[in-house]
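To start, the structure under review is shown below, and the notes come after it.
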Amino acid sequence: MLEIFKSTETKVLETVDVISKGCWVNMSAPTAEEITRVSIDAQVDVDIIKDALDDEERPRIERDDGRVYIIVDFPYIVHDETGFAGYETIPIGIILTEDCIITVSLKDTPILEEFRKNRVKEFFTFKKTRFALQILFVISSYYLRYLKQINKKTNEIERVVHQSLKNKELFAFLALEKSLVYFTTSLKSNKVVLDKILRFNYLKMYEEDKDLLEDVIIEKTQAIEMAETYRSILTGMMNAFASIISNNLNIVMKFLTSITIILSFPTMVFSLFGMNVELPFENNPHGFMFTLIICGVLSTLAAIIFWKKKYF
């Protein structure tokens, strides 16, 4: 999908058909024809555009002939076959040319939707440096938002797993831990890009732009710390709850084994008295009652012994 936007003097974002000075070109899972068109009209190397469409591409920043290429990772939500929500990261490319700014990604993202719907203050397509930094800031805010969601899901699963004997909750923990691994790796790589922007002046920035960049770095640092903290907590919880589930299962098995032993005494007694040989009480009219009493005494003694040993 190829979209071209341009800010007007009245701060309205309009959709236009031609790439021109001061416009924003948004490419989401573009076709080969769309890539070729943007490459020709905006004078951008095709390989740079394709790099942003490689889901294994690492975050980086480059400058060449007055153009700046930024690739960072952004988070998005995925669902497994059970419908459980997980989180992954993929690259998004931000290309700043002399005339326009281009964003490239494999998936449509709610991050850019914030700009398409004019939800970001002081957003103008012709302020390319400010726009790029605003995109990075929104990406950081989404990392923080999703980290809070992960923490909330962790607490919900924790309440369920206390009484659970199934692996479902552990798989959920595993999915969240994997999401935190993705987040931590991507956040650290993104922060390297931000540090380069701050140190090496890849972008021409005014004082307010530098303040915004510092805010982005602070948000990114906070997100890294949160991701590492949540990951550490989650790893400890997984180990603890795995032991709890195993212990709960042992308790159930011990209880069932105790009941089986208690019930085995009546079976054993009745089996002995069912033999076709001479037996005590066989001519006694109360023999059956005596047999029941023997079974009850043996089972009661076994139950008392197991109870004192806290088997149930």
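What you are looking at is a predicted structure, and each value in this text was computed from that prediction instead of being measured. Only this structure's heavy atoms are used, side chains among them; waters, hydrogens and symmetry mates stay out.
Val216 is not connected to Ile71 by any chain of hydrophobic side-chain contacts under 4.5 Å among Ile, Leu, Val, Met, Phe, Trp and Tyr, and they are in different clusters. The hydrophobic clustering, which links ILVMFWY residues whose side-chain heavy atoms are closer than 4.5 Å, places Ile40 and Ile102 apart. By the rule that hydrophobic residues join a cluster once side-chain heavy atoms approach within less than 4.5 Å of another member, Leu53 and Ile61 end up as members of one cluster. No continuous path of ILVMFWY side-chain contacts below 4.5 Å connects Ile197 to Tyr206, so the two sit in separate hydrophobic clusters. A continuous path of ILVMFWY side-chain contacts below 4.5 Å connects Phe173 to Ile77, so both sit in one hydrophobic cluster.
One side chain, Glu114 or Tyr142, offers a donor N or O that lies under 3.5 Å from an acceptor on the other. Judged by distance alone, the side chains of Glu219 and Ser141 never bring a donor and an acceptor atom under 3.5 Å apart. Counted by atom type alone, Lys6 and Thr125 present zero donor-acceptor pairs between their side chains at under 3.5 Å. Side chains of Arg58 and Ser189: a donor on one and an acceptor on the other come within 3.5 Å. Of the N and O atoms on the side chains of Asp209 and Thr129, not one donor lies less than 3.5 Å from an acceptor on the other residue.
At distances below 3.5 Å, not a single donor-acceptor pair connects side-chain atoms of Thr103 with backbone N or O atoms of Ile94. With hydrogens and angles ignored, the 3.5 Å screen pairs a side-chain donor or acceptor of Ser28 with a backbone N or O of Asp108. Using a distance-only test at 3.5 Å, with no hydrogens or angles considered, a donor-acceptor pair links the side chain of Gln134 to the main chain of Lys121. Formation of a donor-acceptor pair under 3.5 Å by the Glu57 side chain with backbone atoms of Asp54 is not found in this model. Ser299 places a side-chain N or O within 3.5 Å of a backbone atom of Ile262 that can act as its donor or acceptor partner. Put simply, the side chain of Asn239 gets close to the backbone of Thr235: a donor and an acceptor are under 3.5 Å apart. When atom types are taken as modelled, the side chain of Ser7 and the backbone of Phe124 share no donor-acceptor pair closer than 3.5 angstrom. Of the possible donor and acceptor atoms, none in the side chain of Asn26 sits under 3.5 Å from a partner among the backbone N and O of Ile4. Judged by distance alone, the side chain of Ser232 and the main-chain N or O of Glu228 form no donor-acceptor pair under 3.5 Å. Using modelled atom types, one side-chain atom of Ser264 and one backbone atom of Ile261 make a donor-acceptor pair closer than 3.5 Å.
Inter-residue side-chain proximity for Ile92 and Val104 is flagged as unmet; no heavy-atom pair is nearer than 4.5 Å. A 4.5 Å side-chain heavy-atom check between Phe123 and Phe131 finds at least one atom pair inside the cut-off. Inter-residue side-chain proximity for Ile90 and Lys107 is flagged as met; some heavy-atom pair is nearer than 4.5 Å. A 4.5 Å side-chain heavy-atom check between Ile70 and Val193 finds at least one atom pair inside the cut-off. Side-chain contact between Met27 and Met1 is absent, with no heavy atoms from C-beta onward closer than 4.5 Å. Residues Asp195 and Ile217 meet the side-chain proximity criterion, which asks for heavy atoms closer than 4.5 Å. By the 4.5 Å heavy-atom criterion applied to side chains, Asp73 and Leu187 are not counted as neighbours. Under the 4.5 Å side-chain criterion, counting only non-hydrogen atoms from C-beta, Glu14 is not in contact with Phe5.
One finds a salt bridge joining Glu208 and Arg130 here, because a Lys/Arg side-chain nitrogen approaches an Asp/Glu carboxylate oxygen to under 4.0 Å. Ion pairing between a basic and an acidic side chain is recognised when a charged N comes within 4.0 Å of a carboxylate O; Arg116 and Glu3 show such pairing.
Ring orientation note: the planes of Tyr143 and Phe183 are nearly perpendicular, at an angle over 60° on the 30°/60° scale. Under the 30°/60° scheme for interplanar angles, the aromatic rings of Phe115 and Trp24 are found to stand perpendicular.
Between Ile224 atom CD1 and Gln222 atom CD the span is 11.0 Å, to the nearest 0.5 Å. Distance CD1/Ile49 to OH/Tyr69: 9.0 Å, rounded to 0.5 Å. One distance of note links CG of Leu198 with CG of Leu213; it measures 5.0 Å at 0.5 Å rounding.
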